[in-house]
Amino acid sequence: MTHQTHPYHMVDPSPWPLSGAIAALLLTSGLAVWFHYNSTTLMILGLLLLLLTMYQWWRDIVREGTFQGHHTPPVQKGLRYGMILFIISEVFFFLGFFWAFYHSSLAPTPELGGCWPPTGISTLNPFEVPLLNTAVLLASGVTVTWAHHSILEGSRKQALHALLLTILLGLYFTLLQAMEYHEAPFTIADGIYGSTFFVATGFHGLHVIIGTTFLAVGLLRQALSHFTSEHHFGFEAAAWYWHFVDVVWLFLYVSIYWWGS
């Protein structure tokens, strides 16, 4: 940075965008080969290359931000805008699922029996596992906020404890949802109810797994003293994402589990 006359980060040439593109090509074509010819070799190769690319690309970003000083305040501002726009895109992603659900449930067609839930569907009790899952995610929202305040105050040990607790709650949520799926009295093949239920809650579950991984990386970085009270956007982005996941679950619980049942 000593030779630059501006605060912006001119990214060095990197092989990871190319390897990421090749991995995506192998993964999608591998999925098609798996569906048609029952061979998983190409898909596994694409997945391994994608994981390797992700690890090395993010390692480079951590190095640039933490050790090389490239993440100056203007660069951090750009990262914040990028994360905000990404979360907005995720809002619209879930909006499509809610649209499909309400389109079908507010005016059920004669094929569904003219009622919602459709005739023959036995729904889950919203006051059992779904309510417990709601309490677990709300508690995790509290612990991630506790971790954020601990980082701001320079309390490293408290931040580690709060982050670990958040990750454990995220894993517990995933375990409960897997149990719920296993015991559900309907499947994704059970018409519009099954497809809207499993696609909306399933994608939310995937986001919980991604958010938990995001927070686990934050925990590792906090343990390695990467974060300071002024410079911790890697954690802050994970916390924003986790709060977004919390809010989406509240809408899912009220719409699909409670009102929709």
Side-chain angles (χ1 to χ4, degrees), residues 31 34-35 86-145 164-216 238-261:
L31 273 168
W34 179 36
F35 292 160
F86 170 66
I87 289 173
I88 290 169
S89 76
E90 292 279 83
V91 168
F92 282 95
F93 177 75
F94 278 100
L95 190 66
F97 302 143
F98 282 108
W99 190 296
F101 172 77
Y102 279 112
H103 174 79
S104 305
S105 60
L106 289 172
T109 60
E111 289 83 358
L112 300 178
C115 61
W116 192 269
T119 306
I121 292 286
S122 176
T123 61
L124 295 164
N125 187 338
F127 302 111
E128 291 180 355
V129 175
L131 186 60
L132 176 58
N133 261 342
T134 304
V136 167
L137 268 194
L138 288 175
S140 73
V142 173
T143 55
V144 82
T145 305
L164 182 61
L165 199 53
T166 309
I167 291 160
L168 290 173
L169 287 166
L171 292 171
Y172 183 45
F173 176 92
T174 305
L175 183 69
L176 285 171
Q177 193 171 37
M179 187 184 79
E180 179 184 85
Y181 278 13
H182 181 68
E183 295 176 359
F186 53 89
T187 70
I188 196 168
D190 283 321
I192 188 66
Y193 186 89
S195 58
T196 51
F197 176 89
F198 280 105
V199 169
T201 59
F203 268 114
H204 177 268
L206 177 64
H207 281 70
V208 170
I209 292 166
I210 292 165
T212 306
T213 309
F214 203 168
L215 289 168
W240 289 358
Y241 188 82
W242 196 253
H243 287 308
F244 158 74
V245 166
D246 276 2
V247 171
V248 169
W249 175 258
L250 290 175
F251 279 100
L252 280 172
Y253 178 74
V254 170
S255 302
I256 294 176
Y257 285 99
W258 180 59
W259 181 85
S261 67

Original post:
What do you reckon, are the aromatic ring centroids of F197 and F101 less than 6.0 Å apart?
Top reply: no

**OP:** Give a yes or no answer on whether the side chain of Y193 reaches the backbone of T123 with a donor-acceptor pair at less than 3.5 Å.
**Re:** no

Original post:
Taking side chain as C-beta onward, heavy atoms only, is V129 less than 4.5 Å from Y257?
Top reply: no

**OP:** For residues Y102 and W259, establish whether the separation of their ring centroids is below 6.0 Å.
**Re:** yes

Original post:
Which heavy atom in D190 sits nearest to a heavy atom in T187, and how many Å separate them?
Top reply: OD2-N, 2.8 Å

Subject >> W34, CH2 atom: more than 12 neighbouring heavy atoms under 6.0 Å >> reply: no

**OP:** I would like to know whether N125 and L131 meet side chain to side chain contact (heavy atoms under 4.5 Å, CB included); could you show each step before the answer?
**Re:** CA-CA 9 Å; N125 187 338; L131 186 60; over 6 Å; no

Original post:
Do S104 and W116 meet the criterion of a side-chain donor-acceptor pair at a distance under 3.5 Å?
Top reply: no

**OP:** Measure the spacing between OH of Y241 and CZ of F86 and express it to the nearest 0.5 Å.
**Re:** 5.0 Å

Original post:
After noting the C-alpha distance and the side-chain angles of L215 and T212, does the key distance pass the side chain to side chain contact (heavy atoms under 4.5 Å, CB included) rule?
Top reply: CA-CA 5 Å; L215 289 168; T212 306; 5.8 Å; no

Original post:
Would you say Y253's side chain and P126's backbone share a donor-acceptor pair under 3.5 angstrom?
Top reply: yes

Subject >> side chain to side chain contact (heavy atoms under 4.5 Å, CB included) between W249 and V208, worked out >> reply: CA-CA 10 Å; W249 175 258; V208 170; over 6 Å; no

Original post:
About how many Å separate OG1 of T201 and NE2 of H204, when rounded to the nearest 0.5 Å?
Top reply: 9.5 Å

Original post:
For the ring pair F203 and F93, is the centre-to-centre distance below 6.0 Å?
Top reply: yes

Original post:
Is there side-chain contact between V248 and F244, with heavy atoms separated by less than 4.5 Å?
Top reply: yes

Original post:
When rounded to the nearest 0.5 angstrom, what distance separates CZ in F251 from CG in L95?
Top reply: 10.0 Å

